[in-house]
Amino acid sequence: MRKYFQNIITGGISLIKGLSVTFKNIFIPRITLQYPKQKQAMTERYRGLVDLRKEKCIVCSQCVRICPTACLSLASKLTEDKKKVIESFKYQMELCCFCGLCEQVCPASAVYLNKIYEVAVYSRDDLKIDLLDPEKYAKFDSRVSK
Amino acid sequence: MVSYLDIIRSIFAGVLVLGFLSISAMFLIWWERKVSAAVQNRYGPMRVGWHGLLQPIADAVKLLLKENICPKSADKLTWWLAPFFSVAPVIMAFICIPFGRKLIVSDLNVGIFYIIAITSVCIFGIFMAGWGSNNKYSLLSAMRQTAQIISYEVPLTISVVTVLMFARSLSMQDIVAAQSKYWFVVYPNLTIAFIIYIISATAEINRAPFDISEAESELVAGFHTEYSGMKFAMFFIGEYTNFFVISAIAATLFLGGWQGPFLPPVVWFLLKTYGIVFVLMWVRWTFPRVRIDQLMSFAWKVLTPIALINLLIAGLFLVK
């Protein structure tokens, strides 16, 4: 008989404890974001899309050689004073596995992975990106801002 | 002449009740989602209207446009009638709920008895849905639900009887009038009765933590698995209207109904009712679901004996 009432009382107390936990949670700030309007900043080491700082590139082709999926292709030409300059740098995003090896291997830190994470497109051709084009990621950004 | 007036009055009352009921059900659905979101540190619906206030309307439109699929092997008549059986009794219960001094469709002299009797008919709707669907999950769910409602009706009715002994009347307005000095919930006997009422009412309206008949993880939504479109919406509206009715009865029986200072009676009534609604939502988003054996033993071994002893003590107290 004593155990019966003890059970009921301890049960009731534990229920009230549970209720107090959820009640406190009602008043603490929301941890989710209103996604398209509010954006979460990506972490420092987030690996997004491959990007290029054109002026830093020394055209060593190490990124092309180390790429495990061969998604980068690079062409260069010699200027009149026998300096190598970059002519084209193509990036096939559909092949990329975002391993970041190109960033690690780049001696001039010209190749890096940016913070873009909204990378869905309607056509596969949109995934073939010319890294020398300054507007290359504008379509991702513009869709984002809408 | 009088009969014409009566007819017009009935039609007016019907329209008013149905209008209030659908708006209230929609508001409750929105509020439920908001409370669940608040408890889980989310925002809940935010897109449609101000803070997602029009979301239930969007959902209702979606459900209206959906196809109404009847299973091939279903018991057609039972299957078709079930949603109506689960909504109609709840609407009929509104007849006796006092929103204000004169704001009651009909103050029957058996008011609370009528409400308890008529809301019990909801079991038929659920059982018909489970049987008519010809689906083993639905049938299991309907069986569980029937057992659950019948078991919890006992402590619920006993706790209501305790109130009636204090109020000395079955009419809802008389019960409210009896609380003009103190709310019934302040008497120790009736505090226990109130707690028992709230617990068994939660089981009656089949809400978590007593929602074993809708257990998504084991019974795939239970008795309304096979329903789609407007029929599903009717079950939904019935559930939330029942939720409102149960809270309104609790407010009337224990918290003094529409009585209160300064504010108009309707506002007091709705404040109290929605207060209880909030508590039940809060409970739903806090506790996990109980097992069927725990549920039954809780009703028969804990609630019913305590309610009976409470009734006995109340009787001794009133005899003096």
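Model, not experiment: these values are computed from the prediction. Just the heavy atoms: all of them, side chains too, but no hydrogens, waters or symmetry mates, feed the values below. The chains referred to below are lettered A, B, ... by the order of the sequence lines, with proteins before strands, and numbering in each begins at 1.
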Around [X], counting heavy atoms of other residues, nucleotides and ligands shown, do more than 12 lie under 6.0 Å from its [atom1]?
X: A/Lys115; atom1: NZ; result: yes
X: A/Tyr46; atom1: OH; result: yes
X: A/Lys128; atom1: NZ; result: yes

Given heavy-atom pairs under 4.5 angstrom as the criterion, report whether the side chain, backbone, both or neither of [X] touches chain A.
X: B/Phe287; value: side chain
X: B/Val35; value: neither
X: B/Pro305; value: side chain

What's the shortest heavy-atom distance between B/Ile306 and A/Tyr4, and which atoms?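 Between these two residues, the closest heavy atoms are CG1-OH, 4.3 Å.
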
If every non-hydrogen atom of B/Met46 is compared with every non-hydrogen atom of A/Gln34, which pair is closest and at what distance?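 For B/Met46 and A/Gln34, the tightest heavy-atom pair comes out as CB-OE1, 3.3 Å.
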
Residues B/Trp285 and A/Thr22: side-chain donor-acceptor under 3.5 angstrom: no

Anything under 30° is parallel, anything over 60° is perpendicular, the rest tilted; go ahead and classify A/Phe23 against B/Trp282.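 Geometry flag for B/Trp282 against A/Phe23: tilted rings.
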
Backbone N/O of B/Asn41 and side chain of A/Arg30: donor-acceptor pair under 3.5 Å: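 Side chain of A/Arg30 to backbone of B/Asn41, a donor-acceptor pair under 3.5 Å: no, none is there.
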
So which of A/Asn25, A/Leu19, A/Ile31, A/Ile26 has the largest heavy-atom pair count under 4.5 angstrom toward chain B? A/Leu19

Option that, when pairs with chain B are counted at under 4.5 Å, heavy atom only, ranks first among A/Ile8, A/Asn7, A/Leu15, A/Leu33: A/Leu15

